[in-house]
Participant: 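Supplied in C-alpha cells, the structure appears directly below.
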Amino acid sequence: MIRYRRSRILLPLLAVLLTSLACGVFSTTPTPTLEAVEVLPATATPTRTAAPPTRTPTALPSPTETVQPASDEPVFITGDIPYTWPFFTIFLTEPIVLLEDQAGFVNRDREFIFPLSGQVIGPIEVLEEDALRYSLALPSIPQATFVDVDNNGQEDTGVQVFAITFQSNTWGDTFLEERDAGGWSGTYASTSVDAERHGEVDGGILLVWSPDEQQGFPTGFGPDNMLFTEDDPTAPIPAGYTLVDLDSEPFTFWKEAQPEITLLEGELAVNDYTEMSYTDAFDALFEKVSREYPFTEDKQVDWQLLYDVFQPEVASAGNDNEFYIAMKSFSLAIPDRHIGISFNPDVFVALYGGSFGLRLAELTDGRVIVVDVIPDTAGEQAGIEVGAEIIEWENIPVRDVLEVIVPDFGPYSTPSHERLDKLLFLTRYPVGTEIVVTFQNPGAAARTVQMRADFEVETLFDSIPSLSIDEMDLPVEGDLLEEFGIGYISITSFSDDARLTAHVWERFMDILIDQEIPGLIIDVRINGGGLSSLSQGFVGYFFDEEIEIFRRSYFNDISGEFEYSPGITKIYPGPKLYEGQVIVLV
C-alpha cells in the first residue's frame, strides 16, 4: 500500500478533487417630499409574479405622526415556488423558506452569515410536479441586523430588511450556518437580481421592519440604478412591517396582514424553446451556447464547423425522435462531460438495445479480452469463452474499430473514460443485426463466427458501476479496517439526500477523529457528482483554516465578455479536524 503524508500539496488536491465531483461614483440627491412619492391604487395589477394580486397602499407618515397598530400589519406570508430547472427537486432535503436578512446585500458582503438569532424559517410542501408552496409566520419583533439606509447623514437605528427565500439545510442543526448559505439569494426569492451586474437586486418584493416611525427607506434605485447606495431617494417608513414593491417607480409601500408572494426562479430558469420549430430552437440554442460556452479555446471547439455539420441534420428531422438524434450527435461533438441531453429510452433501445452477451476489457498491451459471457446469448452459442481475445470485428482489427466508435453515453472530458465506453458500445447494435467476429479462446486456435444481436441489457448494466449500487445502500458507507488500523469511506453520490449524506459522513468522521485512527481511504471511484457545496463540507474536515479553491466566471451580456463573479468559493473548516494520512481512490 502506498501511503501519503498529509501536506500542503495533497490536501488542496483533495479539496479540488472532491468539490469537482458534484461560478462607482455616487452622487447625492435631495430627499423627496412625501407628496412626490407615488403609490399604486388599491386595484392595480402587479407587474411582477412576485407581487400579490391586490394591495392596499399605505401613505408614508411624517416623522411627527403617531402610528397606531394597524389591522393590516403583516403577520403571515404564503406563496408558491414555481421552478423549471430539472434538477431542482433532487436536492430538496430539509427544504425551508427563510426570512432572509438582507444585510449581506445592503453591505455587499458575500460572506455574510445569517445570524442564528434572526433566522425565521417556515415549511414547504409539494403542490405538483413543477411547483412548491410555502408559509411563513412573522415574529412580532424580528431579531435580524439593523441597517441605516435613509441617507440623511445621521447615525440612526435603521431598519431590518428581508427577502423571502428558499433554502435547503444540510449541515449542523435545523438552522443555517456558513456551510449552508450566506451573502444573499439570487434565485427562488421574493427579489430578483441582475447576474450581469454581480447580483444587484433589481426588482421583486422586500419586507422591511422598522422599530418606530423615525426611520427612512429608499423610494427608488437612484441615478446609479443600484439599491442601498448614496444616491437613493428616501422617505420615512411606517413602524412595524412594510412590504416594498421594487418594480414600481417610485417604489410602492403597503401593509397587508396575509400577503401572497410568489418566489422568482431567477437565472436558474430553463430557456424554453418548446414553442419553436426544430431549426429555430437549434439556432436559438446554438447562438447562446456558442457565445457563452467558457471553454471554447481549452476544448478547441470549432463552433462554425459544428453548425455546418449538424444544422442540416436538424433541418431534415421529420419527428421528435429524429430531432433528438440530431441534437444528441451535436452534444457528443463537444468534449465536455457537463454537456448532455436527456435520455430517450425509445431511441436508445432502437439503436443499442441488441447485443451478444459479451463484456469486454482492454489490457495495457492493447489486447481486447472477454471478461464475461452471459449464458444463453449469441456469444456463448458462438463458443466464445471468458478470457478469449477479440482479434477482428467485422473483418477489421478490433483496435481500429474502437477508434471510430462513438459511445452514446458521452460526451467525455477524458479519453480514459471514453475508451471504457467504447468497449461497451462496440458490442451494441439494433436488435437483429448480424456481425462477423474473429476471436481466440485461451489455448485454442483463432476462429471466425457470425453472431446475431438479440435484446440484452445485462452486460450494459454490468458495465455501468453506478447501476451496481443497491438502492438500499447509503450514499456514504464506512468501515474500520482493523487489520490495517485504518478507516475506509466510500462516497457513491453527492446527489442523494444531502442532509442524510452529510450526517452519515459526520458520524464516520467523528468516530475516526475520536478514536484517533491514523489513516483513511476515501473511495470516490463510483461517484456521479452532485452538489459542490456538499463535497466542500466533506473536505472541511481536513482543514483548520479557510481555503480558497476557485472563482466562478460567466458571460456578461452587457460587456460581451467573460467576467469573474464577485466572491471566492471557499472550504470552511468542519466542526472537527482529521489529522491522519489520507488516500483518495479515483
Side-chain angles (χ1 to χ4, degrees), residues 39-58 72-92 94-102 105 114 119-138 142 161-169 181 184-195 199-209 221 227 241-249 251-272 274:
V39 295
L40 293 177
T43 57
T45 300
T47 58
R48 293 295 292 257
T49 58
T54 59
R55 59 184 65 157
T56 303
T58 300
D72 58 358
E73 181 72 12
V75 294
F76 189 69
I77 300 177
T78 57
D80 294 340
I81 311 176
Y83 61 90
T84 60
W85 188 48
F87 303 110
F88 181 64
T89 54
I90 294 176
F91 308 120
L92 288 182
E94 289 206 10
I96 56 174
V97 67
L98 176 71
L99 189 63
E100 185 178 286
D101 188 339
Q102 294 297 284
F105 173 66
F114 308 130
Q119 290 188 32
V120 177
I121 62 177
I124 288 176
E125 62 175 326
V126 178
L127 282 183
E128 49 194 26
E129 184 178 349
D130 58 357
L132 309 171
R133 187 164 183 81
Y134 73 88
S135 58
L136 185 67
L138 302 179
V161 184
F162 303 98
I164 295 89
T165 67
F166 167 88
Q167 300 286 347
S168 182
N169 178 49
W184 66 94
S185 296
T187 57
Y188 306 108
S190 62
T191 51
S192 62
V193 303
D194 186 350
E200 287 291 318
V201 171
D202 64 357
I205 292 176
L206 288 172
L207 179 68
V208 182
W209 187 85
F221 289 101
L227 188 59
Y241 287 108
T242 299
L243 294 151
V244 182
D245 182 356
L246 306 179
D247 292 313
S248 60
E249 180 60 42
F251 298 161
T252 301
F253 297 71
W254 85 101
K255 289 179 179 285
E256 183 178 351
Q258 298 189 34
E260 178 104 1
I261 301 177
T262 299
L263 302 193
L264 307 172
E265 188 172 21
E267 62 180 357
L268 288 182
V270 170
N271 295 289
D272 188 354
T274 56

Participant: Measure across Glu267 and Ala195 and return the closest heavy-atom pair with its distance rounded to 0.1 Å.
Facilitator: OE1-CB, 3.1 Å
Participant: Is there a side-chain contact between Val244 and Leu207, using heavy atoms and a 4.5 Å cut-off?
Facilitator: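 No - every pair of side-chain heavy atoms lies 4.5 Å or more apart.
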Participant: Look up atom CG in Asp245 and atom OG1 in Thr252, then write down how far apart they are to the nearest 0.5 Å.
Facilitator: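 With rounding to 0.5 Å, CG (Asp245) is 5.0 Å from OG1 (Thr252).
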Participant: Looking at every heavy atom in both Val97 and Ser135, which two are closest together, and how far apart are they?
Facilitator: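 Smallest interatomic distance, heavy atoms only, reads CG1-O, 3.6 Å.
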Participant: Got Val201 and Leu246 here, is their nearest side-chain heavy-atom distance under 4.5 Å?
Facilitator: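 Heavy-atom side-chain distance check passes, below 4.5 Å.
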Participant: Got a donor-acceptor contact below 3.5 angstrom from the Glu100 side chain to the Ser185 backbone?
Facilitator: yes
Participant: Quick check: do Asp72 and Trp254 have side-chain heavy atoms less than 4.5 Å from each other?
Facilitator: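 They are not in contact (no side-chain heavy atoms under 4.5 Å apart), so the answer is no.
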Participant: Identify the two heavy atoms, one from Pro142 and one from Phe162, that lie closest to each other, and give their separation to 0.1 Å.
Facilitator: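 What the structure gives for the nearest pair is CB-CZ, 3.8 Å.
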Participant: Do the side chains of Lys255 and Thr242 get nearer than 4.5 Å, heavy atoms only?
Facilitator: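 A side-chain contact exists here, since the closest heavy-atom pair is under 4.5 Å.
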Participant: Between Glu73 (side chain) and Tyr241 (backbone), is there a donor-acceptor pair under 3.5 Å?
Facilitator: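 Yes; judged by distance alone, with no hydrogens or angles, the pair exists.
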Participant: Could you give the distance from CG (Leu268) to CH2 (Trp85), rounded to the nearest 0.5 Å?
Facilitator: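 Reported value, rounded in 0.5 Å steps: 6.0 Å.
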Participant: With heavy-atom distances below 4.5 Å as the criterion, would you say the side chains of Leu98 and Ile164 are in contact?
Facilitator: no
Participant: State yes or no: are the ring centers of Tyr83 and Phe166 separated by less than 6.0 Å?
Facilitator: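 So the answer is no for these two rings.
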Participant: Could you tell me if the side chain of Tyr134 sits less than 4.5 Å from the side chain of Ile81, heavy atoms only?
Facilitator: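 With C-beta onward as the side chain, the pair touches.
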Participant: Quick one: do the Asp80 and Thr262 side chains pair a donor with an acceptor below 3.5 Å?
Facilitator: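 Short answer, no.
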Participant: Between the side chain of Trp184 and the main-chain N/O of Gly199, is any donor-acceptor distance below 3.5 Å?
Facilitator: yes
Participant: Under the side-chain contact (heavy atoms from CB on, under 4.5 Å) rule, collect the residues that match up with Ala181, sequence neighbours excluded.
Facilitator: Phe114, Gln167, Leu176
Participant: Is a donor on one side and an acceptor on the other found under 3.5 Å between the side chain of Ser168 and the backbone of Pro95?
Facilitator: no
Participant: Mark yes or no for whether Asp247, through its side chain, and Gly204, through its backbone, hold a donor-acceptor pair below 3.5 Å.
Facilitator: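 Yes, because the side chain of Asp247 sits within donor-acceptor range (under 3.5 Å) of the backbone of Gly204.
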Participant: Could you pull out the closest heavy-atom pair between Ser190 and Ile261, with the gap in Å?
Facilitator: CB-CG2, 3.9 Å
Participant: Measure the CG-CD distance between Leu138 and Gln258 for me, rounded to the nearest 0.5 Å.
Facilitator: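 Atom-to-atom, Leu138:CG and Gln258:CD are 10.0 Å apart.
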Participant: Report yes if the side chains of Leu227 and Leu206 come closer than 4.5 Å at any heavy-atom pair, otherwise no.
Facilitator: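 Yes, close enough: below the 4.5 Å cut-off.
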Participant: Is there a donor-acceptor contact under 3.5 Å linking the side chains of Thr84 and Glu265?
Facilitator: yes
Participant: Taking atom CG of Leu136 and atom CG of Leu99, what is their separation to the nearest 0.5 Å?
Facilitator: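 It is 5.5 Å, given to the nearest 0.5 Å.
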Participant: Are Arg133 and Ile124 close enough that some pair of their side-chain heavy atoms sits under 4.5 Å apart?
Facilitator: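 The answer is no; the side chains never approach within 4.5 Å.
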